[in-house]
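In what follows, every chain begins at residue 1, and chains take the letters A, B, ... in the order their sequences are listed.
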Protein chains: 2
Amino acid sequence: MSTDAVSADTWHDYARSQLHPVLEGALHCFTLHGYHGTTIRMIAAASRLSVAGVYHHYPSKHAILVAVMSQAMEDLWQRSIAADAAAQGGPVDRFVNIVTCLLEFHTQRRDEAFIALTEIRSLEANARADHIAKRDRQQRLVESVVEDGVAAGAFTTEHPRDASRAVVTMCTSVSDWYRPDGALSSSELAARYCGIALGAVGGHTQTGGPVSA
Amino acid sequence: MSTDAVSADTWHDYARSQLHPVLEGALHCFTLHGYHGTTIRMIAAASRLSVAGVYHHYPSKHAILVAVMSQAMEDLWQRSIAADAAAQGGPVDRFVNIVTCLLEFHTQRRDEAFIALTEIRSLEANARADHIAKRDRQQRLVESVVEDGVAAGAFTTEHPRDASRAVVTMCTSVSDWYRPDGALSSSELAARYCGIALGAVGGHTQTGGPVSA
DNA sequence: CCTACCGATCGGTAGG
DNA sequence: CCTACCGATCGGTAGG
């Protein structure tokens, strides 16, 4: 077969950062002060460039925000469909993989996820529409898996769309409070959230699973 | 008995707005543009005052943000402990009342809740510490109810604190997407979220409840 | 002498 | 990618 043998498990890989130095500096400033609370001079200092140097790479402060947010949403989407495809079993396995993917992204790419969640109102109309479309696409993926699970009898929720939204929001909110130096690692927290999310959609939580004590 | 016969169910009442006109105008601006994206002149225009008129009531733009956020957190807290106390039964009833209270607040006081959630980084150090303390107090209330439920055998979650945080965040996130002109009313959505939240903590969801079709 | 403001403009700083 | 700047607008305050 001529399928890409490498891409199968890349949704777990968070080694490389792949973000432009200007975006890296800007992301740090945005996280601390918000978009409007961040000045071009802060971004220049954080990326060790002059003000004019920043404008050599990006035409405006807004373009920097758009680049940060769109790359984050695209990264999450590619990982999500890879996680979905990697599940060999039924809707339960797909659900667990996608929730795991959401948790890992919102802990491993915490700042990107936080900005993508909180700076939507700072986007100009066109960029905002693009962002909302990407967010809805992500939401619909979870909804379709939950609806498949209900149809297969694996999930008992009477409100698949509300339960899906609840699950997605509890996962995205992780970028709001998670600290890498806390008690739980990214994968430990992901395992716990799979159980919590399964309960939310009326699935069976495997309490005797492979999670270590 | 000399108990206050009125205060028992006031956690359901969202009739009065009780917000100072300046705070009302500022809240509207903050919701649309964020704190740093809002100018004093926007707030003055929204509250039909001159700039100097605004400064007669509040000493600074930051003091306006603090007033909006602290009043929101205090309002939610008072409603939460009233909802908790109003539950006559065990931990399940207390849990359902508190989740209902959270949902009603985040739909009926959507803008206040949204600002309290997204503008923490715009608060100066002391005000931020106060806000975090109020947020933690709210979090601990839910945790204590869930832990009581686990002790009583009503909830089966193995991770009460993580499940509590997941429940609180799914409820607070409602202020991010709920629209009053949408398909579901505040109380209908609250009823659905009680079922979803019960599932998240490993409780029994009453599928044949009094929710109308 | 109080309150609830107003028209005008201050010293500095923002994005570009 | 820098120094030297701009048009405009910022948060906050003066006297009345």
> What pairs of residues pass the ring pair (Phe, Tyr, Trp, His ring centres under 6.0 Å) test when at least one of them lies in residues 93-146 of chain A, not counting sequence neighbours?
Replying inline: A:Phe95-A:Phe155

> By side-chain hydrogen bond (donor to acceptor under 3.5 Å, both in side chains), which residues pair with A:Thr172, not counting sequence neighbours?
Replying inline: none

>> Which residues in residues 119-130 of chain B have a heavy atom closer than 4.0 Å to any atom of DNA chain D?
In response: none

>> Going by side chain to side chain contact (heavy atoms under 4.5 Å, CB included), name the residues that satisfy it together with A:Gln139, two or more places apart in sequence or in a different chain.
In response: A:Glu143, A:Ser164, A:Arg165, A:Val168

>> Under the rule for salt bridge (charged side-chain N to carboxylate O under 4.0 Å, His left out), what residues qualify as partners of B:Asp176, not counting sequence neighbours?
In response: none

>> Say we look at C:dA8 and D:dG12: how far apart would their P atoms be, to the nearest angstrom?
In response: 22 Å

>> Please give the distance between the C1' atoms of D:dG16 and C:dA4 as a whole number of Å.
In response: 13 Å

> Do NZ/NE/NH1/NH2 and the carboxylate oxygens of B:Arg48 and B:Glu24 come within less than 4.0 Å?
Replying inline: no

> Looking at residues at least two apart in the chain, or sitting in another chain, which of them share a side-chain hydrogen bond (donor to acceptor under 3.5 Å, both in side chains) with A:Glu119?
Replying inline: A:Ser122, B:Arg121

> In what stems does DNA chain C take part, counting only runs of at least 3 consecutive Watson-Crick or G-U pairs whose two distances fall under 3.5 Å?
Replying inline: none

>> When the C1' atoms of C:dC6 and D:dA14 are compared, how many Å lie between them, rounded to an integer?
In response: 12 Å

>> Among residues at least two apart in sequence or on other chains, which ones pass salt bridge (charged side-chain N to carboxylate O under 4.0 Å, His left out) with A:Glu147?
In response: none

> Sequence neighbours excluded, which residues qualify as side-chain hydrogen bond (donor to acceptor under 3.5 Å, both in side chains) partners of B:Asp111?
Replying inline: none

>> According to side-chain hydrogen bond (donor to acceptor under 3.5 Å, both in side chains), who are the partners of B:Thr31, at least two apart in sequence or on a separate chain?
In response: none

> Which nucleotides of nucleotides 4-16 of chain D have their base under 4.0 Å from a protein heavy atom (B), which only their sugar-phosphate (S), and which neither (-), written as one string 5' to 3'?
Replying inline: -B----SBBBB--

Exercise answer: donor-acceptor pairs, residues 32-40 of chain B side-chain atoms, under 3.5 Å, sequence neighbours excluded:
| from | atom 1 | to | atom 2 | distance (Å) |
| --- | --- | --- | --- | --- |
| B:Tyr35 | OH | B:His62 | N | 3.1 |
| B:Thr38 | OG1 | B:Cys29 | O | 3.2 |
| B:Thr38 | OG1 | B:Gly34 | O | 2.7 |
| B:Thr39 | OG1 | B:Arg41 | N | 3.4 |
| B:Thr39 | OG1 | B:Met42 | N | 3.1 |

